[in-house]
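In this text the structure is predicted, and so the values were computed from the model without any measurement.
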Amino acid sequence: MGFSNILMLLGGLGFFLFGMNFMGSGLENAAGSKMNELLNKLTKSTFRGFLLGILVTAIIQSSSATTVMVMGFLNAGMMNLTQATGVIIGANIGTTVTSVLIALDVSGIAPACIFIGAILYLFFKKQNWKYAGQVILGFGLLFQGLNTMSSAMSCLKDSPAFTEFILNVKNPVLGVLVGVLLCALMQSSSASVGILQAFAMQDLMPIHFASYLICGINIGSAVPPFLSAINAKPNAKRAAFIYFIYNVVGAVIFIPVTLLTPYTQIFEFLTDDPVVQVSMCHIVFKLVTALVLLPFTKQIVALSYKAIPEKEVVSQFTFRYIDVNLLSNPHVAMDQVSMEVRRMIDLVRENYVEATEGMLTESTEKSAELAEKEQEINFLNKKITEFLIRAGQLEKSYDMQKRTMNYFRLLIELERIGDHAMELVQKTQSAIEQNLVYSDKAKAEIDGIYNLTLELFDRSIVYFYSNGVSREELNLLHDMKDDVETRVVQSQENHIVRLRSGECSIETGILFDETLHAMERVAERAYNIAHMALVHTTEQWQLEKL
């Protein structure tokens with residue numbers, strides 16, 4: 001094999017790997033949000049998760065990527081480990097689609113796909129057309145690379161030593177080791193099996209040896225999830241462990257079957273095409289392993305808990321849902337952010353409620369607890385912002401970019417509301433230290449404004465997470481904000497009346513006015529949160545009109 005053949009082989013491999021990745025990325029960008037919704041809604045049972053794992057991986061053509069995605073959903077609390085196991089088992093079957101396409105030999109249309117895909121990707125402005133172009137272009141490059149690799153390998157037919165070795169080798173240990181190494185290097189079982197099929201195109205891949213290689217390839221495919229889970233949270237490590245268990249069990253089944261039975265002869269009987277034989281062998285490996293393991297899902301999950309026991313959380317100043325070590329999929333990253341922000345929302349709401357109720361009951365009993373929660377709020381604000389900046393480096397659709405920007409703005413508003421809650425705590429402490437007491441009328445006015453601001457906050461959060469608020473709904477919230485402002489002005493006027501009648505002191509009035517101002521600011525910031533949903537919806541509509 002000369003230098004030019006080696007260069008041709010490497011170039012073809014580069015085309016093949018880039019085409020597969022480019023095509024998968026286009027499909028993921030086009031269907032990423034829908035896949036997220038499917039994973040969230042249709043993984044309520046193990047079998048549904050299994051079917052969904054097949055579907056998602058058939059689209060993105062990487063069981064490793066699907067498993068890493070599942071790790072993110074586990075951290076975000078969107079599914080439990082039993083549901084995730086079904087997805088992982090299904091993912092291993094979905095990854096066989098590439099080998100089927102190669103076996104069907106549609107490489108003749110590769111140049112046309114490259115041309116059409118390039119035109120759509122480079123010259124069309126609408127995002128959906130660009131994604132379609134990316135998929136078609138990646139498809140063409142994949143098969144062009146496969147043809148180039150196959151052509152580069154044709155010279156090996158003229159090497160008696162190589163043909164003698166490859167056609168007679170039957171050592172299962174060698175086959176498994178080479179398969180593990182190949183997949184560990186390629187970081188994709190689909191790509192590795194594609195290389196076997198490129199050899200098969202030149203009649204240089206006997207199915208008996210290919211079976212051992214496929215066993216090794218599937219073990220090697222567990223390397224990417226393991227690497228992703230090295231510093232990940234326990235559930236992510238368990239998902240990687242389950243993925244590894246699946247492929248090891250498959251190898252344990254098929255190595256002796258290949259060695260001791262006429263298993264591979266069945267494929268030779270069914271078809272004379274060695275490329276199809278490799279694809280069939282790969283599919284049977286995946287299907288049989290899935291059928292064997294699917295009934296034992298609960299036992300596999302229990303084994304993963306024994307292998308990776310739960311760690312005790314020692315500090316609240318840590319992420320519960322975000323795993324910074326699994327930052328590879330923008331949709332998964334945003335789902336993790338969503339759950340972590342909800343945690344921050346709950347803390348902010350609790351602080352505002354308890355701070356106001358402490359003021360109304362003239363109690364500072366929870367001041368230390370509120371201060372600790374405020375520190376947690378500040379921690380989440382800083383760390384989620386840092387994570388969003390890192391996530392912003394991922395390739396994302398326009399919708400995802402807007403979602404990211406809205407989270408940046410939401411974090412600012414939440415942090416400020418948290419600050420206003422602490423202002424109320426400080427006002428209560430000052431009132432108690434100076435023996436200042438609000439009149440019953442003043443407390444009633446504070447309570448009315450507090451309930452209105454809390455309702456405005458709650459409704460705004462609902463609209464933000466539903467990603468849409470109509471102009472009519474927003475107008476109602478604006479009226480609520482105006483009502484808060486009106487009540488604040490009226491309360492200030494009422495206080496002046498009480499001050500003149502001697503019911504309140506000047507010192508109490510100053511604290512009362514500052515309290516009203518803080519609550520008014522809470523209403524304004526809550527309204528800003530709802531307004532983000534309207535801006536988001538309007539800009540989506542404008543984009544779709546292009």
Side-chain angles (χ1 to χ4, degrees), residues 35-57 60 62-95 218-219 221-250 286 289-313 318-329 331-340 342-343:
M35 287 193 297
N36 269 27
E37 292 174 8
L38 284 172
L39 282 169
N40 192 21
K41 295 178 181 178
L42 301 182
T43 54
K44 303 305 180 185
S45 71
T46 303
F47 184 70
R48 286 182 180 179
F50 168 72
L51 295 177
L52 192 59
I54 295 175
L55 174 63
V56 171
T57 311
I60 65 176
S62 174
S63 57
S64 301
T66 302
T67 302
V68 171
M69 191 186 303
V70 165
M71 292 177 184
F73 290 134
L74 284 168
N75 287 333
M78 295 173 62
M79 64 174 67
N80 60 44
L81 202 56
T82 301
Q83 295 164 346
T85 301
V87 177
I88 292 169
I89 294 175
N92 276 278
I93 296 175
T95 194
N218 280 280
I219 295 174
S221 68
V223 171
F226 261 124
L227 292 176
S228 299
I230 288 175
N231 296 312
K233 296 185 177 183
N235 263 345
K237 291 181 179 179
R238 292 183 192 113
F241 177 79
I242 290 168
Y243 186 87
F244 177 73
I245 287 293
Y246 174 95
N247 289 290
V248 169
V249 168
K286 297 290 192 180
T289 307
L291 292 174
V292 169
L293 291 181
L294 201 58
F296 300 99
T297 299
K298 291 183 179 179
Q299 289 80 359
I300 295 171
V301 171
L303 180 62
S304 72
Y305 273 96
K306 288 183 179 180
I308 304 162
E310 195 69 56
K311 290 183 179 179
E312 187 177 343
V313 179
T318 184
F319 284 141
R320 292 181 186 171
Y321 307 103
I322 290 175
D323 195 328
V324 295
N325 299 294
L326 297 177
L327 184 57
S328 58
N329 182 295
H331 296 282
V332 176
M334 287 299 102
D335 285 327
Q336 291 182 344
V337 167
S338 173
M339 295 302 295
E340 210 70 67
R342 282 184 181 276
R343 172 188 165 194

Please name the pair of heavy atoms, one in [X] and one in [Y], separated by the smallest distance, quoted to 0.1 Å.
X: Ile242; Y: Leu81; result: CD1-CG, 4.0 Å
X: Gly250; Y: Thr289; result: CA-OG1, 3.3 Å
X: Arg343; Y: Thr318; result: NH1-O, 2.8 Å

Distance-only polar pair, side chains of Tyr246 and Thr85, donor-acceptor under 3.5 Å
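Thr85 and Tyr246 do not have a side-chain donor-acceptor pair below 3.5 Å.
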
From [X] atom [atom1] to [Y] atom [atom2], the distance as rounded to the nearest 0.5 Å:
X: Glu340; Y: Asp335; atom1: CD; atom2: CG; answer: 12.5 Å
X: Leu303; Y: Ile245; atom1: CG; atom2: CD1; answer: 5.5 Å
X: Gln299; Y: Leu293; atom1: CD; atom2: CG; answer: 10.5 Å

Audit row: Ser221, Tyr243, side-chain hydrogen bond (donor to acceptor under 3.5 Å, both in side chains) steps and yes/no
CA-CA 9 Å; Ser221 68; Tyr243 186 87; 3.3 Å; yes

Between Tyr305 and Arg238, is there a cation-pi geometry (under 6.0 Å to ring centre, at most 45° from the normal)?
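Here Arg238 passes the 6.0 Å and 45° test against Tyr305.
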
side-chain contact (heavy atoms from CB on, under 4.5 Å) with Ile93: which of Leu51, Ile54, Leu291?
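Exactly one option meets the side-chain contact (heavy atoms from CB on, under 4.5 Å) with Ile93, and it is Ile54.
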
Close side-chain approach of Val337 to Arg342, heavy-atom, < 4.5 Å:
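In short, these two side chains do not touch, never coming nearer than 4.5 Å.
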
